[in-house]
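Owing to the predicted nature of the structure, the values given are computational and were not obtained by experimental measurement. Values below: every heavy atom of this structure, side chains too, minus hydrogens, waters and symmetry copies. Numbering starts at 1 and runs along the sequence shown.
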Amino acid sequence: MDLLDTLTAKGLRGEVPTREEALAVLATTDDELLDVVAAAGKVRRRWFGRRVKLNYLVNLKSGLCPEDCSYCSQRLGSKAEILKYTWLKPEQAADAARAGVAGGAKRVCLVASGRGPTDRDIDRVTGTMAAIKDADPEVEICVCLGLLSDNQAERLKAAGADAYNHNLNTSENTYGTITKTHTYADRVDTVQKAHGAGLSACSGLIAGMGETDEDLVDVVFALRELGSDSVPVNFLIPFEGTPLAKEWNLTPQRCLRILAMVRFVNPDTEVRIAGGREVHLRSMQPLGLHIANSIFLGDYLTSEGQAGQADLDMIKDAGFEVEGAGEATLPRHRADIAEAAQAGGSCGTAASACGSGGGCGPCGGHSHAAPSTPEAATSERSDDAPESSDEDELRSDLVKVRRRGAGTELAPNA
């Protein structure tokens, strides 16, 4: 297919496709799906080899958020029966983080519900980071606390944070239909504050909220222009008790096409399969590893993931390997750009060079990833799959509220 040949060639050179080409990826058929995955896989292997980066979420403060994000189980007025608790103590958070690191995670994502942190909250988080770094000085720490005020990103950076997550979630054109208590511009401002303070910018999207293909392409190109070093792709988990509880718009095939489009637009950027992976990709999760180079290990903010050991088995069985603590995530040229931006205190863009919620869940480094020989992929004709399902009762059974790990008396799933 001319489209996939063009996209592969561009991706191997680190070039960006046109908007029309990105839209065409989303419009491919199920008969073409394995060809799309194979093409995106060549680009993924060019820049990241067969490594999979593992990330682990620690929900520092759960529920009772004053914001009205329609997709979020922690939102104002949510009736979702999730865990609700105030700030974990530093030693509690460090214990939770230790479980993830023991399972192979090289990055710990510290998340707290709320509009944004107070200065006292920043103090709490810096204490938590110190406790985690005391146990493992090499672990990467990404922080996700909502909208940042002036100088807060600088304080987090000085305290040892490596990255800040704040997702754009959807396109600027449709953002007002999802959230009323803050704006798309507020989110862009926070990503810019984080990047300007020398933090790696982690910012992504949520698919499955009723958006159009154009919305998906808009937000992915916006993330590239912002210079996001890590792009978490969340698939909406339609929690009962939230306004989007009936939005079951995704199939495994649709999810793979979305991941492929994100990879083609961000060929040399960390692409992470985030919240909703188990719910929507289901048995096709291993195919997602051929496109994305990063996942969350175990559970999410307010929902359960599959067992951590199952994640590790899946990676091994699919022919991939867990990225080690001493290995770099980003290719050398990307890391050079990030380092220059951090040294200069300004945001460099990728064009010139994070449960879902506002953060990591539904949430650099450097070395050359040696290009590998492209692998052949074969496909068999399959019946066309519907783009949506009315089996709400059956599908909803897949959404499991988290009852273990941080904030509970049960051991974490990592």
For this session: Could you please spell out the steps behind the salt bridge (charged side-chain N to carboxylate O under 4.0 Å, His left out) verdict for Asp30 and Arg257?
Result: CA-CA 9 Å; Asp30 287 350; Arg257 283 191 283 268; 2.9 Å; yes

Problem set entry | Side chains of Gln74 and Glu67, donor plus acceptor under 3.5 Å | no

Exercise. With distance as the sole criterion, is a donor-acceptor pair present between the side chains of Thr242 and Ser73 under 3.5 Å?
Worked result: no

Exercise. For Pro412 and Ala99, which heavy atoms make the closest approach, and how far apart are they?
Worked result: CG-CB, 3.4 Å

Exercise. Asp229 and Ser200: side-chain donor and acceptor closer than 3.5 Å?
Worked result: yes

For this session: Would you indicate whether Glu81, at its atom CD, is surrounded by more than 12 heavy atoms from other residues, nucleotides or ligands within a distance under 6.0 Å?
Result: no

Problem set entry | Leu60/Val125 under side chain to side chain contact (heavy atoms under 4.5 Å, CB included): CA gap, chis, key distance, verdict | CA-CA 9 Å; Leu60 298 178; Val125 175; 4.2 Å; yes

Exercise. Distance-only, no hydrogens or angles: does the Arg187 side chain make a donor-acceptor pair with backbone N or O of His166 under 3.5 Å?
Worked result: no

For this session: With the side chain counted from C-beta on, respond yes when Leu287 and Leu259 share a heavy-atom pair under 4.5 Å apart, and no when they do not.
Result: no

Problem set entry | Glu140 with Arg107: basic N within carboxylate O range, under 4.0 Å | yes

For this session: Give a yes or no on whether the backbone of Leu83 and the side-chain of Ser62 come within a donor-acceptor separation of less than 3.5 Å.
Result: yes

For this session: May I ask you to say whether Arg402 pairs ionically with Glu304, meaning some side-chain N is under 4.0 Å from a carboxylate O?
Result: no

Problem set entry | Atom pair CG/CG of Leu297 and Leu57 - distance to nearest 0.5 Å | 10.0 Å

Exercise. Does Gly405 offer a backbone N or O that forms a donor-acceptor pair with the side chain of Asn413 under 3.5 Å?
Worked result: no

Exercise. Do you see a donor-acceptor pair shorter than 3.5 Å between the side chains of Asp215 and Thr212?
Worked result: yes

Exercise. Is there a salt bridge (charged side-chain N to carboxylate O under 4.0 Å, His left out) between Arg277 and Asp311 once you walk through the steps?
Worked result: CA-CA 11 Å; Arg277 163 167 61 93; Asp311 287 336; 3.1 Å; yes

For this session: Decide side chain to side chain contact (heavy atoms under 4.5 Å, CB included) for Asp150 and Lys193; before the verdict, give the C-alpha distance in whole Å, the side-chain angles of both, and the deciding distance to 0.1 Å.
Result: CA-CA 8 Å; Asp150 290 344; Lys193 279 186 169 71; 3.1 Å; yes

For this session: State, with a plain yes or no, whether a side-chain heavy atom of His182 is found less than 4.5 Å away from one of Arg115.
Result: yes

Exercise. Is there a donor-acceptor pair closer than 3.5 Å between any side-chain N or O of Arg263 and the backbone N or O of Thr269?
Worked result: yes

Exercise. What distance separates Leu148 CG from Glu154 CD, expressed to the nearest 0.5 Å?
Worked result: 9.0 Å

Exercise. Going by an N to O cut-off under 4.0 Å, is there a salt bridge joining Asp121 and Arg124?
Worked result: yes

Exercise. Is Ile206 close to Asn169 at the side-chain level, that is, under 4.5 Å between some pair of heavy atoms?
Worked result: yes

Exercise. Charged N to carboxylate O under 4.0 angstrom, Lys106 versus Glu327?
Worked result: no

For this session: Just say parallel, tilted or perpendicular for the rings of Tyr184 and Tyr175, cut-offs at 30° and 60°.
Result: perpendicular

Problem set entry | Distance-only polar pair, side chains of Tyr71 and Asn234, donor-acceptor under 3.5 Å | no

Problem set entry | Carboxylate-amine/guanidinium proximity below 4.0 Å for Arg155 and Asp123 | yes

For this session: Working to the nearest 0.5 Å, report the span between CG of Leu26 and CD of Glu21.
Result: 12.5 Å

Exercise. Any luck finding a side-chain donor-acceptor pair between Arg272 and Ser230 under 3.5 Å?
Worked result: yes

Exercise. Are any side-chain N or O atoms of Arg224 and backbone N or O atoms of Val265, one a donor and one an acceptor, separated by less than 3.5 Å?
Worked result: yes

Problem set entry | Evaluation steps, side chain to side chain contact (heavy atoms under 4.5 Å, CB included), between Leu281 and Leu250 | CA-CA 9 Å; Leu281 279 170; Leu250 298 172; over 6 Å; no

Problem set entry | Polar side chain donor-acceptor pair, Thr329 to Glu323, under 3.5 angstrom | yes

For this session: Working to the nearest 0.5 Å, report the span between OG1 of Thr86 and CG of Leu64.
Result: 8.5 Å

Exercise. Any side-chain heavy atom of Val191 sitting closer than 4.5 Å to one from Ser203?
Worked result: yes

Exercise. When you check the side-chain N and O atoms of Glu270 and Ser294, is any donor under 3.5 Å from an acceptor?
Worked result: yes

For this session: Run the salt-bridge test on Asp268 and Arg46 with the 4.0 Å N-O cut-off and return the result as yes or no.
Result: no

Exercise. Between the main-chain N or O of Tyr300 and the side-chain N or O of Ser303, is there a donor-acceptor pair closer than 3.5 Å?
Worked result: no

Exercise. Side chains of Tyr164 and Gln152: donor-acceptor distance under 3.5 Å anywhere?
Worked result: no

Problem set entry | Closest approach of Leu3 to Ala24 (non-hydrogen atoms, all atoms of both residues) | CD2-CB, 3.6 Å

Exercise. Are a donor atom and an acceptor atom from the side chains of Asn249 and Arg254 found within less than 3.5 Å of each other?
Worked result: no

Exercise. Between the main-chain N or O of Gly305 and the side-chain N or O of Asp299, is there a donor-acceptor pair closer than 3.5 Å?
Worked result: yes

Exercise. Short question: side chain of Ser113, backbone of Cys65 - any donor-acceptor pair under 3.5 Å?
Worked result: no

For this session: Can you see which heavy atom on Met129 is nearest to which on Leu156, and at what distance?
Result: CE-O, 3.9 Å

For this session: Write down the atom of Trp47, the atom of Arg13, and the distance for their closest heavy-atom approach.
Result: CZ2-C, 4.0 Å

For this session: Indicate yes or no for a side-chain donor-acceptor contact from Arg334 to the backbone of Pro331 under 3.5 Å, with no hydrogens or angles considered.
Result: no

Exercise. Just wondering, are more than 12 heavy atoms of other shown residues or ligands nearer than 6.0 Å to NZ in Lys84?
Worked result: yes

Exercise. With a 4.5 Å heavy-atom cut-off, do Val219 and Thr170 have their side chains touching?
Worked result: no

Seminar exercise, completed: When rounded to the nearest 0.5 Å, the distance separating CG of Leu34 from CD of Gln253 is 10.0 Å

For this session: Go through the steps to decide whether Glu211 and Ser171 satisfy the test side chain to side chain contact (heavy atoms under 4.5 Å, CB included), and finish with yes or no.
Result: CA-CA 9 Å; Glu211 70 283 335; Ser171 70; over 6 Å; no

Exercise. Does a side chain donor of either Thr181 or Asp68 reach within less than 3.5 Å of an acceptor in the other side chain?
Worked result: yes

For this session: Output, in order, the C-alpha distance, side-chain angles, deciding distance and verdict of side-chain hydrogen bond (donor to acceptor under 3.5 Å, both in side chains) for Asp186 and Thr183.
Result: CA-CA 5 Å; Asp186 291 331; Thr183 67; 3.2 Å; yes

For this session: Determine the minimum heavy-atom distance between Phe296 and Cys109, stating which atoms define it.
Result: CE2-SG, 3.8 Å

For this session: Measure the NZ-CH2 distance between Lys61 and Trp87 for me, rounded to the nearest 0.5 Å.
Result: 6.0 Å

Exercise. How about Thr29 and Glu32: do any of their side-chain heavy atoms sit closer than 4.5 Å?
Worked result: yes

For this session: In plain terms, say whether Arg19 and Asp213 are close enough for a salt bridge, that is, a side-chain N and a carboxylate O under 4.0 Å apart.
Result: no

Seminar exercise, completed: For Val143 and Ala161, the nearest pair of non-hydrogen atoms, with its separation, is CG2-CB, 4.0 Å

For this session: Please check if the side chain of Lys180 supplies one atom and the backbone of Gly176 the other of a donor-acceptor pair under 3.5 Å.
Result: yes

